[in-house]
Amino acid sequence: MTPELTALALAGLVQAVQFALFAVPANVELGTGYTSGPRDTPPPRPLSPLTGRMQRALNNHFEGLILFTLAVVVVTLGNQSTEVTRYAAWTYLAARILYIPAYALGWRPWRSAIWAVGFFATLIMLIAALI
């Protein structure tokens, strides 16, 4: 397995951890009667600020993971794995791990800076695969 695919697999596990970090408190706060239902109506009460942040961080990683997966597939199938793409993949993973506490704790402007590091690492992988 390429280092980029390993980073992608680990990013998937990070996503699973993020899901648990959101889902457990959301179930406690909203009750399983609501969270296991069809959610046709708004929740009976808002999520706590921390649980809301964890939900937004989770959703943000779903969005970032799409582009990162695309980059890993292009690099891997194109046989373009290089030192640059390997470092970029590990940089993305590190940024996504750091993003969780940065979002949860409201680190400003660091949350955005950490997000940007992961985003640009992904772009570097795509560009490196093309040259």
Side-chain angles (χ1 to χ4, degrees):
M1 182 176 340
T2 66
E4 295 87 356
L5 283 172
T6 301
L8 178 59
L10 292 172
L13 293 176
V14 168
Q15 187 73 343
V17 169
Q18 279 190 268
F19 178 75
L21 290 172
F22 160 67
V24 171
N27 276 291
V28 169
E29 293 175 22
L30 300 176
T32 56
Y34 178 77
T35 59
S36 65
R39 300 181 205 162
D40 292 333
T41 61
R45 60 195 149 283
L47 294 169
S48 70
L50 179 59
T51 303
R53 288 178 183 177
M54 295 312 296
Q55 182 181 36
R56 292 187 296 278
L58 173 70
N59 291 338
N60 183 276
H61 192 206
F62 272 122
E63 295 167 4
L65 202 50
I66 293 167
L67 188 60
F68 181 66
T69 301
L70 188 148
V72 170
V73 168
V74 167
V75 166
T76 302
L77 293 181
N79 201 28
Q80 295 296 318
S81 181
T82 65
E83 191 171 331
V84 169
T85 61
R86 289 189 290 276
Y87 279 119
W90 292 114
T91 299
Y92 169 86
L93 182 63
R96 292 317 308 191
I97 291 169
L98 288 172
Y99 188 79
I100 299 167
Y103 209 129
L105 300 172
W107 295 346
R108 282 186 287 171
W110 304 110
R111 176 187 62 88
S112 295
I114 292 166
W115 176 88
V117 167
F119 179 74
F120 286 114
T122 304
L123 292 182
I124 287 168
M125 289 177 68
L126 289 167
I127 292 165
L130 291 171
I131 51 178

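Worth knowing before you read on, the calculation uses all heavy atoms, side chains too, and leaves out hydrogens, waters and symmetry mates.
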Any chain of hydrophobic side-chain contacts (each under 4.5 Å) joining [X] to [Y]?
X: V14; Y: L98; answer: no
X: V75; Y: L65; answer: yes
X: L130; Y: V72; answer: no
X: I97; Y: L10; answer: yes

Just how far is it from atom [atom1] of [X] to atom [atom2] of [Y], taken to the nearest 0.5 Å?
X: F19; Y: Q55; atom1: CZ; atom2: CD; answer: 10.5 Å
X: R86; Y: M125; atom1: CZ; atom2: CE; answer: 11.0 Å
X: L30; Y: S48; atom1: CG; atom2: OG; answer: 9.0 Å

Side-chain heavy-atom pair [X], [Y] within 4.5 angstrom cut-off:
X: I100; Y: L21; result: yes
X: L47; Y: F22; result: yes
X: L93; Y: L8; result: no

List the atom of [X], the atom of [Y], and the distance in Å for their closest heavy-atom pair.
X: A95; Y: I114; answer: O-CG2, 3.1 Å
X: P3; Y: S81; answer: CD-OG, 4.4 Å
X: T51; Y: P25; answer: OG1-CB, 3.5 Å

query: Does Y34 reach the main-chain N or O of E29 with its side chain, forming a donor-acceptor pair under 3.5 Å?
result: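 No, because the side chain of Y34 does not come within donor-acceptor range (under 3.5 Å) of the backbone of E29.
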- prompt: Does R108 offer a backbone N or O that forms a donor-acceptor pair with the side chain of S112 under 3.5 Å?
  reply: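 No, S112 side chain to R108 backbone: no donor-acceptor pair under 3.5 Å.
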Could I get the full list of side chain to side chain contact (heavy atoms under 4.5 Å, CB included) partners for [X], not counting sequence neighbours?
X: T32; result: N27, T35
X: L70; result: V74, L126
X: Y87; result: E83
X: V73; result: T69, L77

field: Where at least one partner belongs to residues 95-107, residue pairs that pass side chain to side chain donor-acceptor pair (under 3.5 Å), sequence neighbours excluded
entry: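 Sorted pair list: R56-Y103, N60-R96, Y99-R111.
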- prompt: With sequence neighbours left out, which residue pairs that include part of residues 71-80 fulfil the side chain to side chain donor-acceptor pair (under 3.5 Å) condition?
  reply: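 Sorted result for residues 71-80: empty, none.
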field: Partner set under ring pair (Phe, Tyr, Trp, His ring centres under 6.0 Å) for F119, not counting sequence neighbours
entry: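 F119 satisfies ring pair (Phe, Tyr, Trp, His ring centres under 6.0 Å) with W115 once adjacent residues are dropped.
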- prompt: With ILVMFWY side chains joined below 4.5 Å, transitively, what does I124's cluster contain besides itself?
  reply: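 Its cluster partners, ordered by chain and number, are V84.
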- prompt: Who else is in the cluster with I66 when I, L, V, M, F, W and Y are joined by side-chain contacts under 4.5 Å?
  reply: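 Other cluster members: none.
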- prompt: So does W110 have more than 12 non-hydrogen atoms from other groups sitting under 6.0 Å from CH2?
  reply: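 No, because the 6.0 Å sphere around CH2 of W110 holds 12 heavy atoms or fewer from other groups.
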Counterpart residues, side chain to side chain donor-acceptor pair (under 3.5 Å), relative to T91 (two or more places apart):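 With neighbours one apart ignored, the set is empty.
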query: Can you list the residues that meet the side chain to side chain donor-acceptor pair (under 3.5 Å) rule with T85, with sequence neighbours excluded?
result: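 In terms of side chain to side chain donor-acceptor pair (under 3.5 Å), with neighbours along the sequence ignored, T85 is linked to E4.
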field: Residue pairs passing the ring pair (Phe, Tyr, Trp, His ring centres under 6.0 Å) test where at least one lies in residues 45-83, sequence neighbours excluded
entry: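 Sorted result for residues 45-83: F68-Y92.
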